[in-house]
Amino acid sequence: QVQLVESGGGLVQAGGSLRLSCAASGRTVSGYAMGWFRQAPGKEREFVAAINWSGITTHYTNAVKGRFTISRDNAKNTLYLQMNSLKPEDTALYYCASRNDALPTPTQSLYPYWGQGTQVTVSS
């Protein structure tokens, strides 16, 4: 079993930055792909970014390309999401997730482990 705990969310003005962290416990996640997803009020949860086991391969949804950066520190069993140039439409509950496979994917159903989420609110 893997337990995932997100942190780093908060309230920020448009154009600002936040860095989300996701600490894993219960099992090392160093051999597995991980991802970030988000759910805005009244909307379905959607893919944000994913990273392979080594951190070399990353994928992003078009809405965040060039603004967000996903990374990981396998020695610390931690996943990160650096978010720059934030927009009000980035407001959502952000979740991290872990796979049982090394390859990243935007498909939510392929991630068996999920955190509880951290709220990001961007004011205009």
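Basis for what follows: all heavy atoms, side chains included, without hydrogens, waters or symmetry-related copies. Treat the numbers as computed from the prediction; the structure is a model and nothing was measured. Quick note: residue numbers are just sequence positions, from 1.
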If hydrophobic clusters are built from ILVMFWY residues whose side chains come within less than 4.5 Å, do [X] and [Y] share one?
X: Phe37; Y: Tyr94; value: no
X: Tyr60; Y: Trp53; value: no
X: Tyr113; Y: Leu93; value: no
X: Ile51; Y: Tyr32; value: no
X: Val64; Y: Leu18; value: yes

Evaluate the side-chain proximity of [Y] to [X]: yes if any heavy-atom separation is below 4.5 Å, no if none is.
X: Pro112; Y: Asn100; result: yes
X: Glu6; Y: Leu20; result: no
X: Trp114; Y: Arg45; result: yes
X: Phe68; Y: Leu81; result: yes
X: Asp101; Y: Leu110; result: no
X: Thr121; Y: Val12; result: no
X: Thr57; Y: Pro104; result: yes
X: Asp90; Y: Arg67; result: yes

With a 3.5 Å cut-off and no angle check, do the side chains of [X] and [Y] form a donor-acceptor pair?
X: Thr28; Y: Ser30; value: yes
X: Arg27; Y: Gln1; value: no
X: Asp73; Y: Thr78; value: no
X: Arg99; Y: Tyr111; value: no

Minimal non-hydrogen separation, [X] against [Y], with atom names:
X: Asn84; Y: Ser17; value: OD1-OG, 2.9 Å
X: Gly9; Y: Val120; value: CA-CG2, 4.2 Å
X: Ala24; Y: Val29; value: CB-CG1, 3.7 Å
X: Pro88; Y: Ala14; value: CD-CB, 4.1 Å
X: Cys96; Y: Leu79; value: CB-CD2, 4.0 Å

Check your understanding: Between Arg72 and Tyr80, is NZ or CZ placed under 6.0 angstrom from the six-membered ring centre and within 45° of the ring axis?
Key ->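 Output no; distance or angle outside limits.
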Practice item. Assess Arg38 against Tyr95: is NZ or CZ under 6.0 Å from the centre of the six-membered ring, and within 45 degrees of the ring's axis? Key: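 Cation-pi check for Arg38 and Tyr95: fails.
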Exercise for review: List the steps and the verdict of side-chain contact (heavy atoms from CB on, under 4.5 Å) for Met34 and Leu4.
Suggested key: CA-CA 11 Å; Met34 298 186 73; Leu4 302 172; 4.0 Å; yes
Exercise for review: Taking Asn74 for its side chain and Asn77 for its backbone only, find out whether a donor-acceptor pair lies under 3.5 Å.
Suggested key: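 It does not hold such a pair.
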**Study point:** Step-by-step ring pair (Phe, Tyr, Trp, His ring centres under 6.0 Å) determination, Phe47 to Trp36
**Key:** CA-CA 7 Å; Phe47 169 73; Trp36 287 100; over 10 Å; no
Review point. What do you reckon, is CD of Gln116 surrounded by more than 12 foreign heavy atoms closer than 6.0 Å?
Key: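 At most 12 heavy atoms, drawn from other residues, nucleotides or ligands, come within 6.0 Å of this atom.
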